[in-house]
Amino acid sequence: MTSSISRRRFTLGAAAATGAAVLPAPLPAFAQQDYPNKAIRFVVPFPAGGTTDIVGRVVAAELNKAWNVPAVVDNRAGAGGNIGSELVAKAAPDGYTLLVCTVGTHGINTSLYSKMSFDPVKDFAPVTLAAEVPNVVVVHPSVKANTIKELIALLKANPGKMNYASSGNGTSIHLSAELFKSMTGTFMTHIPYRGSAPAVADLLAGQVELMFDNLPSAMPHIRSGKLRALAVTSAKRAPALPDVPTIAEAGVPGYEASSWFGIVAPAGTPRPIVDKLQQQIAKSLAQPDVREKLLGQGANPVGNMPEEFAKYIQAEIAKWAKVVKASGAKVD
């Protein structure tokens with residue numbers, strides 16, 4: 001990774017880029033008058049157990065309660081989320097197949113992959129940003145580091161000998177670690193997995209030493225003592241881990257990185273259906289018990305409007321394009 005990235009902040013508040021994601025055009029009332037009248041499928045483009053899966057299952061469960069129709073999660077992992085995303089991009093635009101998208105699928109991958117089978121803007125109708133999530137630096141208990149400064153010292157004393165896991169090449173988990181390496185002048189070996197859950201499984205088994213994981217998927221293991229949390233990657237401390245410092249506080253000034261998760265439909269989905277989905281999902285995310293559930297796992301619920309989410313996606317694509325270029329990361 002080049003030195004030009006050494007002070008770059010991975011923030012989610014980047015200024016909105018010009019243009020906007022494609023929003024659905026209004027269609028005749030008959031296209032949505034009975035919606036929903038059958039099962040809604042939420043495609044999660046990563047394995048079960050990771051943060052994308054956790055957020056997707058919370059949203060699906062709440063729609064099931066509100067509308068009394070089946071809302072099922074379908075895990076379609078692979079290619080950094082591209083396999084599941086392509087499936088939804090090519091699905092019928094009727095509101096019955098939705099994607100739980102991420103900063104990877106709709107912010108990073110278009111710059112990371114030399115060939116994409118879908119366009120994250122043109123092929124989707126944004127519904128809402130569901131949650132923002134910090135990453136957390138977690139280590140196996142065998143690692144002799146209780147703070148970020150101790151981890152940096154350990155890495156410098158053993159360059160390349162420690163392995164870190166990620167949910168895949170070019171994911172926010174991967175790039176968060178790469179930014180850390182660049183800003184601290186350390187070197188550790190990247191071990192990519194097909195999602196966060198299998199990566200965490202190997203971390204728990206001691207096959208790898210550390211990970212910059214999304215907080216919700218790491219939280220149960222932090223609480224059980226099976227993993228040790230050293231710091232969170234966000235600008236502020238996470239309410240779920242108030243005693244754990246940020247990386248910036250812990251000795252790496254200017255460091256910041258976060259992830260996000262949203263709901264999108266295939267392009268061309270009738271606007272009344274998109275609006276109905278957005279309104280119900282936002283309502284569900286605002287419920288005290290749902291907010292408490294997500295905040296307790298380290299995820300901050302959002303629930304914004306489709307136009308806001310469209311601009312947000314555009315801004316993320318522009319921001320991460322610069323980060324990927326500076327990092328030298330590429331997947332063919």
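- Between R271 and E307 a salt bridge is recorded (basic side-chain N to carboxylate O distance below 4.0 Å).
- For the atom pair OG of S85 and CZ of R76, the computed distance is 12.5 Å after rounding to the nearest 0.5 Å.
- When each of T128, L98, T269 is tested with L277 by the rule side-chain contact (heavy atoms from CB on, under 4.5 Å), just one qualifies, namely L98.
- Under a cutoff of 6.0 Å and an axis angle of 45°, K181 and F187 do not form a cation-pi pair.
- The pair R291-D289 does not count as a salt bridge, with every side-chain nitrogen at least 4.0 angstrom from each carboxylate oxygen.
- In this structure a side-chain-to-backbone donor-acceptor pair under 3.5 Å is present from D119 to K122.
- Judged by a 6.0 Å distance limit and a 45° cone about the ring axis, K325 is not positioned over the six-membered ring of W320.
- Side-chain contact between L99 and I263: absent, with no pair of heavy atoms (C-beta onward) separated by less than 4.5 Å.
- Note that the CD atom of E86 and the CZ atom of F118 stand 8.0 Å from one another [nearest 0.5 Å].
- Side chain of T189 to main chain of G160: a donor-acceptor pair is present (N/O by atom type, distance under 3.5 Å, no hydrogens or angles).
- Contact annotation: the side chain of R41 approaches that of L87 to within less than 4.5 Å [non-hydrogen atoms, C-beta and beyond].
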### Trace of the side chain to side chain contact (heavy atoms under 4.5 Å, CB included) decision for Y164 with M211
CA-CA 5 Å; Y164 78 91; M211 186 174 176; 5.9 Å; no
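- When atom types are taken as modelled, the side chain of K149 and the backbone of G251 share no donor-acceptor pair closer than 3.5 angstrom.
- For D94 (side chain) and Y96 (main-chain N/O), a donor-acceptor pair under 3.5 Å exists by modelled atom type.
- Within the structure, side-chain hydrogen bond (donor to acceptor under 3.5 Å, both in side chains) contacts touching residues 292-301 (residues at least two apart or in different chains) do not occur.
- Looking at heavy atoms from C-beta onward, H221 lies in side-chain contact with V200 at the 4.5 angstrom threshold.
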### Task
List the steps, then state whether side chain to side chain donor-acceptor pair (under 3.5 Å) holds for S196 with S217.
CA-CA 8 Å; S196 181; S217 61; 3.2 Å; yes
### Message
Quick one, S172 with S259, criterion side chain to side chain donor-acceptor pair (under 3.5 Å). Give me CA distance, side-chain angles, the key distance, then yes/no.
### Response
CA-CA 6 Å; S172 68; S259 297; 2.5 Å; yes
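- Nearest heavy-atom pair across F309 and P126 is CD2-CB, 3.7 Å.
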### Task
Go through L154 and V143 one step at a time and tell me if the side chain to side chain contact (heavy atoms under 4.5 Å, CB included) criterion holds.
CA-CA 9 Å; L154 189 61; V143 175; 3.7 Å; yes
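- Here CD1 of I222 is found 5.5 Å from CG of L215. Values are rounded to the nearest 0.5 Å.
- For the pair N214 and F261, the minimum side-chain heavy-atom distance is below 4.5 Å.
- Under the 3.5 Å distance criterion, the side-chain polar atoms of N109 are matched with a main-chain donor or acceptor of G80.
- Under the side-chain contact (heavy atoms from CB on, under 4.5 Å) test applied with L203, the options V208, N163, I191, V139 reduce to a single match, V208.
- Checking side-chain atoms of Y113 against main-chain N and O of A79 turns up a donor-acceptor pair under 3.5 Å.
- Taking OG of S284 as the reference point, atom CG of L63 lies at 6.0 Å (rounded to 0.5 Å).
- In this structure, F124 and H106 have perpendicular ring planes: the angle between them is above 60°, well past the 30° mark.
- Side-chain N or O atoms of S182 include none that pairs as donor or acceptor with a backbone N or O of E178 at under 3.5 Å.
- No close placement of the F212 and H174 rings is indicated, their centers lying 6.0 Å or farther apart.
- The pair E62-K283 does not meet the salt-bridge criterion, since no charged nitrogen lies less than 4.0 angstrom from a carboxylate oxygen.
- Side-chain atoms of N75 and D53 form a donor-acceptor pair, as typed in the model, at a separation below 3.5 Å.
- Under a 3.5 Å cut-off, the side chain of R228 and the backbone N or O of A145 do form a donor-acceptor pair.
- The CG atom of N64 sits 10.0 Å away from the CZ atom of F42 when rounded to the nearest 0.5 Å.
- Judged purely by atom type and a 3.5 angstrom limit, N304 uses its side chain to pair as donor or acceptor with the backbone of L129.
- A heavy-atom distance below 4.5 Å is not found between the side chains of V331 and S114.
- Side-chain contact between L295 and P301 is present, with heavy atoms from C-beta onward closer than 4.5 Å.
- Rounding to the nearest 0.5 Å places OG1 of T184 at 5.0 Å from CD1 of I152.
- When atom types are taken as modelled, the side chain of Y35 and the backbone of K276 share no donor-acceptor pair closer than 3.5 angstrom.
- Taking the side chain as every heavy atom from C-beta outward, R237 and E249 approach each other to under 4.5 Å.
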### Task
Give the C-alpha distance, both sets of side-chain angles, the deciding distance and a yes or no for side chain to side chain contact (heavy atoms under 4.5 Å, CB included) between V138 and L210.
CA-CA 6 Å; V138 284; L210 71 154; over 6 Å; no
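- In terms of heavy-atom proximity, P306 sits nearest to V274 at CG-CG1, 3.9 Å.
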